[in-house]
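Structure first, then comments.
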Number of protein chains: 4
Amino acid sequence: MVINHNGRYKSDRRTLKRLVILRSAAGVFRRRGYDRAGMREIADGLGVTTGVLYYHFRDKGELLYFCQDYSLGRMLEEGARIRREKGAPATRLRRLIEAQLTCMLDELQGSAAHLEFATLPPRLLKKVVAKRDRYERLMRGIVSKGIRAGAFRRRDPKLVTLAILGAINWTIKWYRPDGGQSATKIAREFADYLIKGLA
Amino acid sequence: MVINHNGRYKSDRRTLKRLVILRSAAGVFRRRGYDRAGMREIADGLGVTTGVLYYHFRDKGELLYFCQDYSLGRMLEEGARIRREKGAPATRLRRLIEAQLTCMLDELQGSAAHLEFATLPPRLLKKVVAKRDRYERLMRGIVSKGIRAGAFRRRDPKLVTLAILGAINWTIKWYRPDGGQSATKIAREFADYLIKGLA
Amino acid sequence: MVINHNGRYKSDRRTLKRLVILRSAAGVFRRRGYDRAGMREIADGLGVTTGVLYYHFRDKGELLYFCQDYSLGRMLEEGARIRREKGAPATRLRRLIEAQLTCMLDELQGSAAHLEFATLPPRLLKKVVAKRDRYERLMRGIVSKGIRAGAFRRRDPKLVTLAILGAINWTIKWYRPDGGQSATKIAREFADYLIKGLA
Amino acid sequence: MVINHNGRYKSDRRTLKRLVILRSAAGVFRRRGYDRAGMREIADGLGVTTGVLYYHFRDKGELLYFCQDYSLGRMLEEGARIRREKGAPATRLRRLIEAQLTCMLDELQGSAAHLEFATLPPRLLKKVVAKRDRYERLMRGIVSKGIRAGAFRRRDPKLVTLAILGAINWTIKWYRPDGGQSATKIAREFADYLIKGLA
DNA sequence: TATGAATGAGATTTCATTCAT
DNA sequence: TATGAATGAAATCTCATTCAT
């Protein structure tokens, strides 16, 4: 996945095809979990054979890696934007929580492949863990700054961040796009509740 | 797994052996995930052959089922005890959060096999989902009652409960027994933070 | 196994390979019986790995099914042809007996996998039993018509048919292609003897 | 299975127990076939554990051997009696056919374990094949003598015998004790038909 | 005699991956 | 680029058999 000087994904045919494959793979990973997702299954969903997958990706692990990398990339993009904004800590934390939930539940339709790490080969694992940690630090930074600024109650910023991330990440276990709760409502209520805990 | 008149697991040799196997299986499930956990691996951890596992359990699914059933059983036991106690809603919710975290992180050493459902055959899935739902309802009940009593702020009890459970369940993804944070400290801080959100 | 408009098996590469596999499987089933026939053994006989078998057939049961289906198909083909012929009942019954024996002992080299049913999964079992019954009815029809026409002695057509089929089917238990008796001679003598019983 | 000087099975406790086991084993072998019959299954049918089977029999093969040996023994007993009788060849052949069918379908309830040889270890195989051949020769002897005496039509006695045995042995594939046809009727009709073929 | 527990070899089956075309 | 066919390693599970008690 090459990013060009515009900060966008290069739109050559190659990359487009990779994105198409990733979308299908992400769906299968979400529905079945990484281990139970078969390459055949992913290929079938695209109407091609497994060979195609191997033409575009080295192996199954790389497929997972790019899913995770893409998800984390989107989240970091949003996060970076929010960090640059002015505003009270509470406001920024709210934006971040809402952005992540919207991203996970709406945009990526709960794919959140970024939640299944154990399987990756070390080389890829290191990269994706690093990216995840960057995102975690980003959120923790907002929390810490809020505490130092006196806007938030004194708490262990690390544990608070992990609690928030847990609440958010867990949503993919129960969220159903056609269920009673819209992603927007969940995002608002979660933000309300999780920020109040810091008041 | 027969429960005798003391409400404890019957300690005949058969049941003891099953518990020994379950402990090993739970460990492997936790470290590797259900799908990547091999029966060989589980057996090796016990110094026996896979045949032994099949002598005591019908198949891999039943092994997972009993792990989940046991974990949920322990949590429900604690939950029932807490529900019977007198005390302010905040106190009871705190007790429940702390109990679940202690149970998951300390007693079961993060096994929490109860978090991987998708794999179970329908018959067992139904039973374990029912048990999980009972626990969820138990926590939601405490939240709802607190709201009705005016002790908690008006929020959607369902979403709040899911947020709390997410924060708690997610701990097994990052908790390390030999890490910087003790289970006790995590439990206290989480309870503080998650209850404050309802104040 | 698709049959094209010529009434023959479509000869694309896929079907050809399936037929090659079936031939090997039929041989092993005959020599060793279905249960003792290993997929390894069948694959070894072809110089391939077991994976190939599973690429072309869903499972072992389907392999058996197609053996039986093919054998019964051949017998029904011959039977249908004979039924359409004019001729005295005795002549037609003779033709049928000889055709089945030739088919079983010569053409299929005693494979007669159609004799081992118990193992098939219900779905396939039903189909193959139906086909077998069609063949049985075909033979019984010739016997009955002969009796009604006064060409055959009055006997229970069902039991006579079962006796004839028993004599024929049993041959695969003792027939040896390199033995003293040629398939042709067996066919003639059996027909003589079994038809005389109806005179 | 020891035979004492009265020509009867010694009725000590040991032998009695062996017979009880054999009866159960024969039933399972018939219903499921030798390979699919599990030692557990046989033991369960008796309300004991597999250990008991191994106390009384060396292994599964010996269990099969004794089933076959017993069946063949019974058939040879009857055969020997019939051979000693005076009477026309047709009468004696009829007696033999009826005796075998009665023995197989009634007395042994279609167990006819003597039909599954392939599995036996060489040592036992040789013995049981020898016994089966003795029975075959017995029947062929009656046929041959009838031909030489001019009572039967000139036919290949070997093939006629194999046809008769096929018709008889095949009955266990379709006979049902609770079906429409009684063993007695089958025996009579088969004898009628099969002897008429020699007239 | 009988049992419960364990073994070990082998069976079928799955699946990521490769490769010639 | 894409496919069909094949591989090989591993996984789950079965089962006859053994053995201490």
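Note that this is a predicted model, so its numbers are computed, not measured. In what follows, chains are A, B, ... by sequence order, proteins preceding strands, each numbered from 1.
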Along DNA chain E (nearest heavy atom to each residue), the more 5'-positioned of C:M39 and B:G51: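 It is B:G51, whose closest nucleotide lies nearer the 5' terminus.
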Pick the nucleotide of DNA chain E nearest each of C:G38 and B:V52; which residue has the one closer to the 5' end?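 The residue closer to the strand's 5' end, by nearest nucleotide, is B:V52.
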On DNA chain F, check which nucleotide each of A:T49 and C:T49 is closest to and give me the residue with the more 5' one.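 Result: A:T49.
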Taking the nucleotide of DNA chain F with the closest heavy atom to each, which residue, A:H56 or C:T50, is nearer the 5' end?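 The answer here is A:H56.
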Side-chain N or O of [X] less than 4.0 angstrom from OP1 or OP2 on [N]?
X: B:Y54; N: F:dT14; value: no
X: B:R58; N: F:dC13; value: no
X: B:Y55; N: E:dA5; value: yes
X: B:R14; N: E:dA5; value: yes
X: C:K17; N: F:dA6; value: yes

From C-beta outward on C:V48, which listed nucleotide comes closest to its side chain: F:dT7, F:dC13, E:dA5? F:dT7
Using atom [atom1] of [X] as one end and atom [atom2] of [N] as the other, report the distance to the nearest whole Å.
X: B:K60; N: E:dT14; atom1: NZ; atom2: P; result: 15 Å
X: D:L46; N: E:dT3; atom1: CG; atom2: P; result: 11 Å
X: B:E41; N: F:dA11; atom1: CD; atom2: P; result: 8 Å
X: B:I21; N: E:dA6; atom1: CD1; atom2: P; result: 7 Å
X: B:R13; N: F:dA20; atom1: CZ; atom2: C1'; result: 11 Å
X: C:D12; N: F:dA5; atom1: CG; atom2: P; result: 9 Å
X: C:L16; N: F:dA5; atom1: CG; atom2: P; result: 11 Å
X: A:L53; N: F:dT1; atom1: CG; atom2: C1'; result: 13 Å

Quick check on A:R36: does its CZ atom have over 12 non-hydrogen neighbours (other residues, nucleotides or ligands) under 6.0 Å away?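 More than 12 within 6.0 Å, yes.
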Do other residues, nucleotides or ligands put more than 12 heavy atoms under 6.0 Å from D:R58 CZ?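 No.
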Basic-acidic side-chain contact under 4.0 Å: D:K131, D:D69: yes
Heavy atoms only, 4.0 Å cut-off, all strands: where does A:A37 land among base, sugar-phosphate and nothing? sugar-phosphate
Considering every strand shown, what is the Watson-Crick or G-U wobble mate of E:dA5 when both distances are under 3.5 Å?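 Its partner is F:dT18 (Watson-Crick or G-U wobble, both distances under 3.5 Å).
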Is the side chain of A:R18 donor-acceptor paired with the backbone N or O of A:H56 at a distance under 3.5 Å, no angle test? yes
ring-ring contact (aromatic ring centres under 6.0 Å, His included), paired with B:F29, selected from B:F66, B:Y65, B:Y70, B:Y34: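 The option that passes is B:Y34.
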